[in-house]
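What follows is a set of notes on a single structure, which appears directly below.
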Amino acid sequence: MKILDRAAEVKALLKSGDRTFLPFKGKTMAMIFAKPSMRTRVPFETGFFLLGGHAIYLGPDDIQMGKREETRDVARVLSCYNDVIVARVFAHQDILDLAKYATVPVINGLTDYNHPCQIIADAFTIIEHIGQLEGTKVVYVGDGNNIVHSWLLMASVIPFHFACACPKGFEPDAKTVERAQKAGISKIEITNDPKEAVRGADVVYSDVWASMGQKEEAAHRRKMFEGFRVDEDIMKLAGPKAYFMHCLPAERGVEDRWCH
Ligand code: NVA
């Protein structure tokens, strides 16, 4: 919550046109992207620049972590040249290895397991529009994927009501669900019934049915996820106060037939 409060202050400062807050002056940040990105890459790059630093984008062909070079070597060498590392990778173990061998902070810019920056930013958006995250009901409809894991981890530290409605066989990681439930902070529901789940929602949240790295499963998933599309009927059941959110990129008409 302290990070979010601070983010609101810094956002207001930058929006006002003030460019005198330069905490990263003289600092550099290496950004490893093994997968495509717009909403993670651009704000990291522009944000770091606006706060005085220089960000270096390293795309899928530049480093080829674990293939062209071992992860521990990448971590050690980038730590010599940079003050921060951001990485978007496939295997979650890669970000853990980067963090283990790097001597500078490593920021998770999405893995197959989770996407913390996304959910922290979503919490910020919810606070901006609803006033607070505490006590709200957030209902995710779709695949129990990396986004859901980060919602569950958020629910382990901030009290709200989180429900995930996904088809059978596409539930989130059981250990992460258990961790969120055991934390005893938030109400957690995992269900296969989106219509029931969305009742009383403050936020209905959706994501693609086939994430990066799963695109060859898209046709099969489209069949499995029929009934989990956020459309007018779902939003009607959620009620008039419900906002629709999507981490994007969206496949319009597939998982979302609501927001056009
Ligand atoms: N679940 C999506 C999130 C994209 C921000 C993916 O991993 O592709």
Side-chain angles (χ1 to χ4, degrees), residues 7 31-47 55 57-60 65-66 86-96 98 106-126 138-155 162-167 169-177 180 190 194 197 203-226 228-230 234 243-259:
M31 307 192 299
I32 304 169
F33 280 90
K35 297 177 176 181
S37 173
M38 178 166 79
R39 267 156 298 272
T40 301
R41 177 194 170 173
V42 176
F44 263 110
E45 198 164 323
T46 53
Y57 171 75
L58 299 155
M65 210 166 62
V86 176
R88 165 167 292 190
V89 294
F90 286 87
H92 191 68
Q93 190 58 44
D94 286 346
I95 201 97
L96 299 180
L98 271 177
V106 173
I107 298 172
N108 178 348
L110 180 144
T111 72
D112 286 345
Y113 171 63
N114 67 356
H115 193 7
C117 293
Q118 172 74 48
I119 304 309
I120 294 171
D122 289 333
F124 186 87
T125 302
I126 290 172
V138 177
V139 182
Y140 176 100
V141 179
D143 185 24
N145 61 15
N146 45 5
I147 294 294
V148 177
H149 297 149
S150 282
W151 270 120
L152 288 165
L153 295 171
M154 179 67 90
F162 179 69
C164 167
C166 51
F170 293 89
E171 287 86 0
D173 171 57
K175 274 194 187 145
T176 310
V177 175
I190 310 296
V203 172
V204 176
Y205 195 109
S206 177
D207 185 11
V208 286
W209 291 344
S211 285
M212 290 180 269
Q214 299 174 329
K215 297 300 178 192
E216 70 288 349
E217 296 172 26
H220 167 67
R221 282 170 172 264
R222 269 194 198 203
K223 283 184 206 140
M224 304 302 292
F225 283 77
E226 213 38 72
F228 289 82
R229 174 175 294 115
V230 177
I234 287 278
Y243 285 91
F244 173 65
M245 291 177 75
H246 192 304
C247 59
L248 300 173
E251 290 192 32
R252 303 286 191 196
V254 180
E255 74 275 3
D256 140 43
R257 205 170 270 164
W258 166 253
C259 196

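These figures come from a predicted structure and were not determined experimentally. Both ligands and their constituent atoms are indexed starting at 1 by order of listing.
Between S211, S150, P249, it is S211 that holds the heavy atom closest to atom 6 (C) of ligand 1. Across N146, D143, N114, heavy-atom proximity to atom 7 (O) of ligand 1 is greatest for N146.
A cation-pi contact, defined as under 6.0 Å to the ring centre and within 45° of the axis, is absent between R41 and F33.
For ligand 1, the polar-atom distance check finds an N/O of M212 within less than 3.5 Å of one of the ligand's N/O atoms. Annotation: D207 places an N or O atom under 3.5 Å from an N or O atom of ligand 1; distance criterion only.
With a heavy-atom cut-off of 4.0 Å, T40 does not touch ligand 1 at all.
No option in I120, N145, I147 other than I147 meets the side chain to side chain contact (heavy atoms under 4.5 Å, CB included) test with H115.
The closest approach between L248 and ligand 1 falls below 4.0 Å for a heavy atom of the residue.
Aromatic ring pairs are classed by plane angle as parallel below 30°, tilted from 30° to 60° and perpendicular above 60°; the pair Y140 and F162 is tilted.
Taking the six-membered ring wherever Trp is involved, the centroid distance between the rings of F170 and F228 does not fall below 6.0 Å.
Side-chain contact, Y113 with T176: a donor N or O sits under 3.5 Å from an acceptor N or O.
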